[in-house]
Undergrad: 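I have a structure here, written as structure tokens, and I will follow up with some questions on it.
Chain naming here is simple, since letters A, B, ... match the order of the sequence lines and numbering starts at 1 in each. These numbers come from the heavy atoms of this one structure, side chains and all, not from hydrogens, waters or symmetry mates.
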Protein chains: 2
Amino acid sequence: MASERPADGTVGKALDVLELVAGHGAPVRFSDLLSVSDHPKATLYRLLQTLTNQQMLRHDAESGTYSLGVRLVRLAHSAWSQSSLAPIARPHIDALSQATGETIHLAQLDAGHVLYVDKRNAARAIEMFAQAGRVGPAYCTGVGKAMLAHLDPEHLDEVLKAQSFHRHTANTIATAVDLRAELARIRARGYAFDREEHEPGIICCAVPILSRIGKPIGGLSITSSTNRATLEDLETHADKLLNAAGRIAEDAESWRFPERI
Amino acid sequence: MASERPADGTVGKALDVLELVAGHGAPVRFSDLLSVSDHPKATLYRLLQTLTNQQMLRHDAESGTYSLGVRLVRLAHSAWSQSSLAPIARPHIDALSQATGETIHLAQLDAGHVLYVDKRNAARAIEMFAQAGRVGPAYCTGVGKAMLAHLDPEHLDEVLKAQSFHRHTANTIATAVDLRAELARIRARGYAFDREEHEPGIICCAVPILSRIGKPIGGLSITSSTNRATLEDLETHADKLLNAAGRIAEDAESWRFPERI
DNA sequence: CTGACAGGTTCCATTTAGTGAAACACGATC
DNA sequence: GATCGTGTTTCACTAAATGGAACCTGTCAG
């Protein structure tokens with residue numbers, strides 16, 4: 001029951017193919033897909049055809065390549081705007097990244113894992129969004145810990161069980177007991193650090209975005225690398241982060257989020 | 001062969017259901033979906049189940065509602081970043097909206113129609129993205145006409161055939177002949193206007209984003225309403241638009257867009 | 001010119017998976 | 001405790017997906 005995915009039915013396969021195209025990152029030819037997919041030729045072919053005339057993929061007859069289609073783009077926007085925090089937080093994130101000159105991440109907790117929903121990189125503007133949309137572990141990232149710290153005990157127990165504590169670096173907190181202690185410190189301090197716990201050389205300072213009743217609805221972090229900044233440098237921005245988090249929470253509260261908070 | 005969609009196979013139905021959930025804009029209960037869908041109970045049920053354990057939907061057991069899932073969010077980001085212009089243009093659009101205080105739209109041409117891929121509203125920050133992801137007509141929008149004006153004759157013929165000239169307002173250009181004349185004027189002027197041609201009260205000034213070889217890869221517009229601004233007001237921003245379009249084109253060129261331009 | 005080959009597309013008998021009417025479970029009302 | 005609104009499961013029926021193989025191209029080599 002660890003990693004489930006019996007790829008049920010046709011729909012599952014179709015989505016796998018869709019993801020294959022999406023993952024490739026650029027227009028792909030049929031045979032390229034064939035080589036990485038384990039479907040027989042004809043099956044893959046029909047799957048691609050189905051997705052294509054569903055507008056989820058786009059087939060360029062000229063070059064014979066497949067790329068993501070309009071319908072997916074439309075769904076994309078629905079998904080993004082309904083992942084709720086991203087559009088609300090966007091102006092605040094912009095402001096933060098301008099004020100600090102560092103990379104800002106916006107994340108949400110999903111099934112015990114961290115889902116990055118937006119990213120703003122002040123310095124190298126082009127590559128933004130490169131990593132947004134990714135899912136990461138909660139126990140060894142700044143945003144993850146910041147959110148966990150404000151989970152109610154009941155939910156926390158559940159979520160801790162979902163963590164697969166892997167020691168990414170020497171600093172990774174790799175046991176539930178140690179993590180609980182860290183969470184208590186974070187709760188007391190008001191914000192969390194990532195001391196190269198996930199990737200060597202990458203540090204961050206993160207705060208939770210809390211609803212009126214104190215439930216974590218997201219996380220906000222400022223990230224840098226050890227050769228550019230120290231934890232103390234990042235900590236100087238902590239109040240700006242907290243401030244922004246508060247404003248985002250306010251906006252979210254007033255906009256919508258009726259139930260589920 | 002006009003509007004095809006025999007909803008082929010299971011995949012098609014599943015996607016329809018997915019879109020139904022996405023379209024609802026908020027967590028939906030089973031029976032709500034049942035009432036708008038024309039599938040029988042059991043079928044809808046299994047479809048939802050399939051989508052759910054494919055992570056395309058998320059089922060909240062507590063409230064018994066469905067909302068968009070993580071996997072779709074991930075795909076969303078792939079789609080958005082591969083729709084290419086959006087992430088590249090984002091900083092330029094931000095700058096434009098700040099400089100002008102008006103709403104900025106970024107669009108691309110897809111199969112003869114305008115696909116809005118980003119939107120920035122300086123004034124009311126919250127509702128941004130509300131309308132991004134939408135598809136609109138090319139013949140009666142500023143961005144649409146700006147892009148059409150720079151299409152090579154061969155492609156233009158194709159695209160004109162795809163237009164379904166509907167007279168939205170008194171100002172709508174509703175014939176191919178008139179449109180060709182307008183396109184010539186736009187080409188000469190360098191930018192296009194929308195004189196309440198699509199929606200009454202809505203005006204805009206739009207420029208094409210042109211690749212090195214002069215092919216339109218997107219469009220950029222500044223939009224307002226007649227009770228806030230005049231066409232002349234918007235025209236004063238034309239040079240800023242052209243400037244931004246040029247920079248976006250440059251960035252796009254240097255980043256990637258190897259083939260297909 | 002011919003033969004070999006790779007990328008794509010189509011056929012079709014076989015098997016699998018999706019279908020949906022109806023029955024069932026569970027709560028909330030009346 | 002009968003009734004209604006929801007959500008879930010069953011199961012015989014049917015439509016749809018499957019994939020091996022044949023079939024098109026166009027291309028390149030001899």
Undergrad: In plain terms, say whether R71(B) and D16(A) are close enough for a salt bridge, that is, a side-chain N and a carboxylate O under 4.0 Å apart.
TA: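 Yes.
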Undergrad: Would you say R46(B) places a side-chain N or O within less than 4.0 Å of OP1 or OP2 belonging to dT19(C)?
TA: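 Result: yes.
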Undergrad: Can a side chain N or O of Y45(B) be found less than 4.0 Å away from OP1 or OP2 on dT9(D)?
TA: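 Answer is yes, contact under 4.0 Å.
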Undergrad: Could you check whether K13(A) pairs with D38(A) (Lys NZ or Arg NE/NH1/NH2 to Asp/Glu carboxylate O, under 4.0 Å)?
TA: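 Looking at D38(A) together with K13(A), the answer is no, because their closest N to O distance does not fall below 4.0 Å.
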Undergrad: From the list dG20(C), dG20(D), dT18(D), which nucleotide is the closest neighbour of the side chain of A42(B)?
TA: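 Out of dG20(C), dG20(D), dT18(D), the nucleotide with an atom closest to A42(B)'s side chain is dG20(C).
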Undergrad: Rounded to whole angstrom units, what separation is found between the CD atom of Q49(B) and the P atom of dT10(D)?
TA: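 Interatomic distance, CD of Q49(B) to P of dT10(D): 11 Å.
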Undergrad: Rounding to a whole Å, what distance do you find between K13(A):NZ and dA17(C):C1'?
TA: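 For the pair K13(A) NZ and dA17(C) C1', the rounded distance is 9 Å.
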Undergrad: Are OP1 or OP2 of dT6(D) and a side-chain N or O of K41(B) less than 4.0 angstrom apart?
TA: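 Checking dT6(D) against K41(B), no side-chain N or O comes under 4.0 Å of OP1 or OP2.
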Undergrad: Quickly work out the Y66(A) OH to dG7(C) C1' distance and round it to whole Å.
TA: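 That distance rounds to 11 Å.
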Undergrad: Under 4.0 Å between a side-chain nitrogen and a carboxylate oxygen: does that hold for R212(B) and E250(B)?
TA: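 No salt bridge links R212(B) with E250(B).
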Undergrad: I need the CG-P distance between N53(A) and dT9(C), as an integer number of Å.
TA: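 Value for this atom pair: 13 Å.
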Undergrad: How close or far is atom C1' of dT18(D) from atom CG of D38(A), stated in whole angstroms?
TA: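 Distance, rounded to whole Å: 14 Å.
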Undergrad: Go through dT9(C), dT9(D), dT6(D) for me and flag the one nearest to the R29(B) side chain.
TA: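 Closest nucleotide among those given: dT6(D).
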Undergrad: Any sub-3.5 Å donor-acceptor pair from S31(B)'s side-chain atoms to L34(B)'s backbone N or O?
TA: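 No.
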Undergrad: Picking from dT18(D), dG8(C), dT9(D), which would you name as closest to the side chain of F30(A)?
TA: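 Per side-chain heavy atoms of F30(A), the pick is dG8(C).
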Undergrad: OP1 or OP2 of dG18(C) less than 4.0 angstrom from a side-chain nitrogen or oxygen of T10(B), does that happen here?
TA: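 Indeed not, no polar side-chain atom of T10(B) lies that close.
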Undergrad: Can we say R58(A) and D110(B) salt-bridge, meaning some charged N sits less than 4.0 Å from an Asp/Glu carboxylate O?
TA: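 So R58(A) pairs with D110(B) through a salt bridge.
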Undergrad: May I ask you to evaluate whether S31(B) reaches the phosphate of dG7(D), defined as a side-chain N or O under 4.0 Å from OP1 or OP2?
TA: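 For S31(B), the contact criterion (side-chain N or O under 4.0 Å from OP1 or OP2 of dG7(D)) is met.
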Undergrad: Starting at atom CG of L34(A), determine the distance to atom C1' of dG8(C), rounded to an integer number of angstrom.
TA: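 Rounding to the nearest Å, CG of L34(A) and C1' of dG8(C) are 10 Å apart.
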Undergrad: Find the distance L33(A):CG to dG7(C):P and express it as a whole number of Å.
TA: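 Those two atoms, CG and P, are 13 Å apart.
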Undergrad: For L44(B) and dT9(D), what is the distance between atoms CG and P respectively, to the nearest whole Å?
TA: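 Roughly 15 Å, once rounded to whole Å.
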